[in-house]
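The next block holds one structure in the form of C-alpha cells; read it before the comments.
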Amino acid sequence: MSAVLAESVSASKPQASPAIAAVLLGTGVVGGAFLKLLNTPAAASIRLVGAANSRRQQTQAEQLADRALREKLKTHGDVRNDVTLLEALDANDASVKVIIDATACGTLASRHAEWLARGYHVVTANKSLAGGDLPGWRALQAALAQGGRYGDSATVGAGLPVISTLRRLRHCGDALLTLEGVFSGSLSYLFNQYDGSQPFSALLRRARELGYTEPDPRSDLSGEDVARKLLILARCAGFALRPDEVEVESLVPESLRGVDVGTFLARLEELDEPLSARFAEAKARGGALRFLARLNQRGRARVGLVEVPANHPATRLYGTDNQFALSTTRYNSQPLVIQGPGAGPEVTAQALLGDVLALA
C-alpha cells in the first residue's frame with residue numbers, strides 16, 4: 001500500500017475514544033504537575049472529564065483542554081460539587097473511570113472506599129486513609145475486595161517502587177523482618193545539610209524557601225507525615241497497626257506546637273540549641289543525625305531522630321532522597337535497598353499517571 005493511500009485510509013478511520021475517563025480532585029502543586037502530564041503523548045488514552053480545587057470545578061470539555069486550567073480555576077468555574085463531577089464521569093463511555101485525589105484532604109480520603117464500592121477506581125497521593133485510623137484502612141480493604149483498584153504508589157516515596165515491591169514479596173511468600181529508612185524528602189534534605197556550620201533554623205528557612213517543606217514546617221518536623229508513610233508500608237507488609245502504635249518523636253518543642261504559623265516562623269531559633277547539642281554529641285562519637293522510620297518483625301514501629309554511624313546507608317543520601325532498606329526472610333544477609341528522589345511534584349505526578357495508565 002502506498003504511503004499516500006495508507007495516509008488516506010488512516011484519515012478516514014474514526015478516532016478511538018480514550019479508554020480512561022478521569023476526574024482530578026486537587027489542582028495544587030502536584031495536581032498542576034499532573035495536568036501538564038495530561039498534555040503529553042503518554043496520556044493520550046486519558047480523557048479528563050472534570051477537575052476541581054477546594055472551591056471551584058470545571059466539567060466543560062473546552063475549558064478542561066485549556067493549558068491554563070489550573071490558573072483559571074482559581075477565579076473561574078462552577079461552585080465545587082462532587083455530585084456533578086461524578087455525573088460527568090458517569091456520562092462518559094470510557095471503559096475505565098477513575099477518580100484522582102491529588103489533595104491531602106482527610107475528608108476526601110474518607111470517601112475513597114465509598115467510591116470504590118460504587119464501581120470507580122481511585123488513584124491517589126493522599127495518605128490520610130491508607131495511613132490513617134485502622135477502621136478506615138479496613139473499610140478500604142473491604143471495598144477493594146469487591147473489585148475496585150486503588151493506585152497508591154504516590155503516597156510513599158513519590159512513586160519509588162517500595163509499595164509494589166513489598167506487595168510482590170509478600171505475594172511470593174516472603175516476610176518482612178525489618179524496615180528502616182528516610183521517608184521524608186524535607187527531613188532528608190535538612191539532615192543531609194546540617195553539619196553544624198549554620199543554625200538549624202537558618203537551614204530550615206532555606207528549605208522552606210526552596211519549597212522542600214510544607215508552608216507550615218511543623219507538618220514535616222512533627223514526624224506525623226513519616227508516621228503515616230510507615231503505617232502504609234507496615235500494613236502492606238501485613239502488620240495491621242493503629243496510629244497510636246507508632247512511636248513518634250517530634251522535633252517541634254512543646255512551646256511551639258500550639259502557636260500560629262507566623263509565630264512559629266518568627267521563633268524558629270528555639271529549635272537551634274537542642275539540635276545543636278545532639279549534633280555535637282553524635283559528632284563526638286563519629287556519628288551523624290538522621291530522621292529514620294523503623295519497623296521490626298514484631299510490629300514495633302518508631303519514627304524519630306537517630307544517631308547513626310558514619311558508614312550507615314542513610315549518611316550517603318543526597319538532596320531530598322528517600323531510602324527504604326528491607327530485610328526479609330529471603331533478603332536476610334543484605335537488605336534490599338530502594339533509594340531515589342522522594343519529593344517533588346513532577347515525580348509524584350508521574351506516579352499518579354503511572355497508576356492511572358495501569359488501569360487500562
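Keep in mind it's a predicted model, so treat the numbers as computed, not measured.
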Step-by-step side chain to side chain contact (heavy atoms under 4.5 Å, CB included) determination, Val79 to Arg55: CA-CA 6 Å; Val79 175; Arg55 295 180 299 160; over 6 Å; no
task: Output, in order, the C-alpha distance, side-chain angles, deciding distance and verdict of side chain to side chain contact (heavy atoms under 4.5 Å, CB included) for Leu256 and Arg267.
output: CA-CA 8 Å; Leu256 295 179; Arg267 294 169 57 185; 3.4 Å; yes
- prompt: Are side-chain heavy atoms of Arg206 and Tyr189 found at a separation under 4.5 Å?
  reply: yes
task: Check the pair Phe291, Leu251 against side chain to side chain contact (heavy atoms under 4.5 Å, CB included), reporting the backbone distance first and the verdict last.
output: CA-CA 10 Å; Phe291 199 89; Leu251 300 182; 3.9 Å; yes
- request: Please check if Leu190 and Leu292 belong to a single hydrophobic cluster, counting links between Ile, Leu, Val, Met, Phe, Trp and Tyr side chain heavy atoms closer than 4.5 Å.
  value: no
- prompt: Asn322 and side-chain contact (heavy atoms from CB on, under 4.5 Å): which partner among Leu317, Val156, Leu160?
  reply: Leu160
query: Under a 4.5 Å cut-off applied to non-hydrogen side-chain atoms, are Val29 and Pro345 in contact?
result: yes
task: Look at the side chain of Arg205 and the backbone N and O of Leu265, then say whether any donor-acceptor pair between them is shorter than 3.5 Å.
output: yes
- prompt: Checking Arg302 side chain against Ala293 main chain: does a donor-acceptor pair fall under 3.5 Å?
  reply: no
- request: Using atom types as modelled and distance alone, determine if a side-chain donor or acceptor of Gln60 lies under 3.5 Å from a backbone N or O of Glu62.
  value: no
field: Atom of Leu85, atom of Ala52 and distance for their closest heavy-atom approach
entry: CD1-CB, 3.9 Å
task: Flag the pair Asp220 and Arg218 as a salt bridge only when some basic side-chain nitrogen lies within less than 4.0 angstrom of an acidic carboxylate oxygen.
output: no
task: Ignoring hydrogens and angles, tell me if any N or O in the side chain of Ser222 forms a donor-acceptor pair with the backbone of Ser250 under 3.5 Å.
output: no
field: Interatomic spacing from OG in Ser128 to CG in Leu108 - rounded to 0.5 Å
entry: 9.0 Å
field: Ile338 reachable from Leu231 in the ILVMFWY side-chain graph, under 4.5 Å edges
entry: yes
message: Just by distance, no angles: are the side chains of Ser188 and Asp321 close enough, under 3.5 Å, to form a donor-acceptor pair?
response: no
Gln146 side chain near Leu116 side chain, heavy-atom distance below 4.5 Å: no
- request: For the residue pair Pro253 and Leu271, establish whether any side-chain heavy-atom pair is separated by less than 4.5 Å.
  value: yes
- prompt: Can you name the nearest heavy-atom pair linking Leu89 to Ala22, along with the distance?
  reply: CD1-N, 4.0 Å
query: Are Gln297 and Leu176 side-chain neighbours, meaning at least one heavy-atom pair lies under 4.5 Å?
result: no
message: Any side-chain to backbone donor/acceptor pair from Ser276 onto Asp272? Under 3.5 Å, distance only.
response: no
- line: Of all heavy-atom pairs linking Pro243 and Gly132, the shortest is CG-O, 3.5 Å
message: Count I, L, V, M, F, W, Y as connected when their side-chain heavy atoms are under 4.5 Å apart, and connections chain through other members. Are Val30 and Leu64 then in the same cluster?
response: yes
query: Between the side chains of Glu180 and His312, is a donor N or O closer than 3.5 angstrom to an acceptor N or O?
result: yes
task: Give a yes or no on whether Gln334 atom CD has more than 12 heavy-atom contacts from other residues, nucleotides or ligands under 6.0 Å away.
output: no
message: Could you tell me if the side chain of Thr213 sits less than 4.5 Å from the side chain of Ser186, heavy atoms only?
response: yes
- prompt: Taking the side chain from Asn296 and the backbone from Gly299, do they hold a donor-acceptor pair closer than 3.5 Å?
  reply: yes
query: Do Thr329 and Asp174 get their side chains close enough for a donor-acceptor pair, meaning under 3.5 Å?
result: yes
task: Output every pair passing ring-ring contact (aromatic ring centres under 6.0 Å, His included) with a member in residues 105-139, not counting sequence neighbours, ordered by first then second residue.
output: His112-Trp115, His112-Tyr150
message: Assigning hydrophobic clusters by single linkage (Ile, Leu, Val, Met, Phe, Trp, Tyr; side-chain heavy-atom cutoff under 4.5 Å), is Val252 placed with Val259?
response: yes
query: Any chance CD of Glu273 has more than 12 other-residue heavy atoms, nucleotides or ligands included, within less than 6.0 Å?
result: no
task: Using atom types as modelled and distance alone, determine if a side-chain donor or acceptor of Gln323 lies under 3.5 Å from a backbone N or O of Pro313.
output: yes
- prompt: Under 30°, 30 to 60°, or over 60°: which ring-plane class applies to Phe279 and Tyr194, parallel, tilted or perpendicular?
  reply: tilted
message: Other residues, nucleotides and ligands only: do more than 12 of their heavy atoms fall within 6.0 Å of CZ on Arg67?
response: no
- line: Residues Gln63 and Leu69: closest non-hydrogen pair is O-CD1, 3.7 Å
Nearest heavy atoms of Ile163 and Thr155, plus distance in Å: CD1-OG1, 3.5 Å
message: Assess the residue pair Arg80 and Arg56 against the criterion (side chain to side chain contact (heavy atoms under 4.5 Å, CB included)); give the C-alpha distance rounded to whole Å, side-chain angles, the decisive distance to 0.1 Å, and a yes or no.
response: CA-CA 5 Å; Arg80 174 69 181 269; Arg56 296 183 177 87; over 6 Å; no
task: Verify, without hydrogens or angle tests, whether Lys97 (side chain) and Gly119 (backbone) share a donor-acceptor contact under 3.5 angstrom.
output: no
message: Testing the 3.5 Å rule here: is there a donor-acceptor pair between the side chains of Asp101 and Thr103?
response: yes
- request: Decide if atom NZ of Lys36 counts as having more than 12 heavy atoms of other residues, nucleotides or ligands within a radius under 6.0 Å.
  value: no
Expected output: side-chain Asn192 to main-chain Thr320 donor-acceptor under 3.5 Å: no
For a quick test of your reading: what N or O donor-acceptor pairs under 3.5 Å do the side chains of residues 350-357 make, sequence neighbours left out?
| from | atom 1 | to | atom 2 | distance (Å) |
| --- | --- | --- | --- | --- |
| Asp355 | OD1 | Ser153 | OG | 3.2 |
| Asp355 | OD2 | Asp152 | N | 3.3 |
| Asp355 | OD2 | Ser153 | N | 3.0 |
| Asp355 | OD2 | Ser153 | OG | 2.9 |

- prompt: Would a 4.5 Å heavy-atom cut-off, applied to side chains only, mark Leu295 and Leu241 as touching?
  reply: yes
Under 3.5 Å side-chain donor-acceptor pair for Ser219 and Asp216: no
field: Sequence neighbours excluded - side chain to side chain donor-acceptor pair (under 3.5 Å) pairs with any residue from residues 227-242
entry: Asp225-Lys229, Arg242-Asp244
field: Within one Ile-Leu-Val-Met-Phe-Trp-Tyr cluster: Phe324 and Val308, side-chain cutoff 4.5 Å
entry: no
task: Could you pull out the closest heavy-atom pair between Val226 and Ser184, with the gap in Å?
output: CG2-CB, 3.6 Å
- prompt: Is a donor on one side and an acceptor on the other found under 3.5 Å between the side chain of Asp133 and the backbone of Pro135?
  reply: no
- prompt: Is Glu281 paired with Arg278 through a side-chain N to carboxylate O contact shorter than 4.0 Å?
  reply: no
- prompt: Just wondering, are more than 12 heavy atoms of other shown residues or ligands nearer than 6.0 Å to CZ in Arg300?
  reply: no
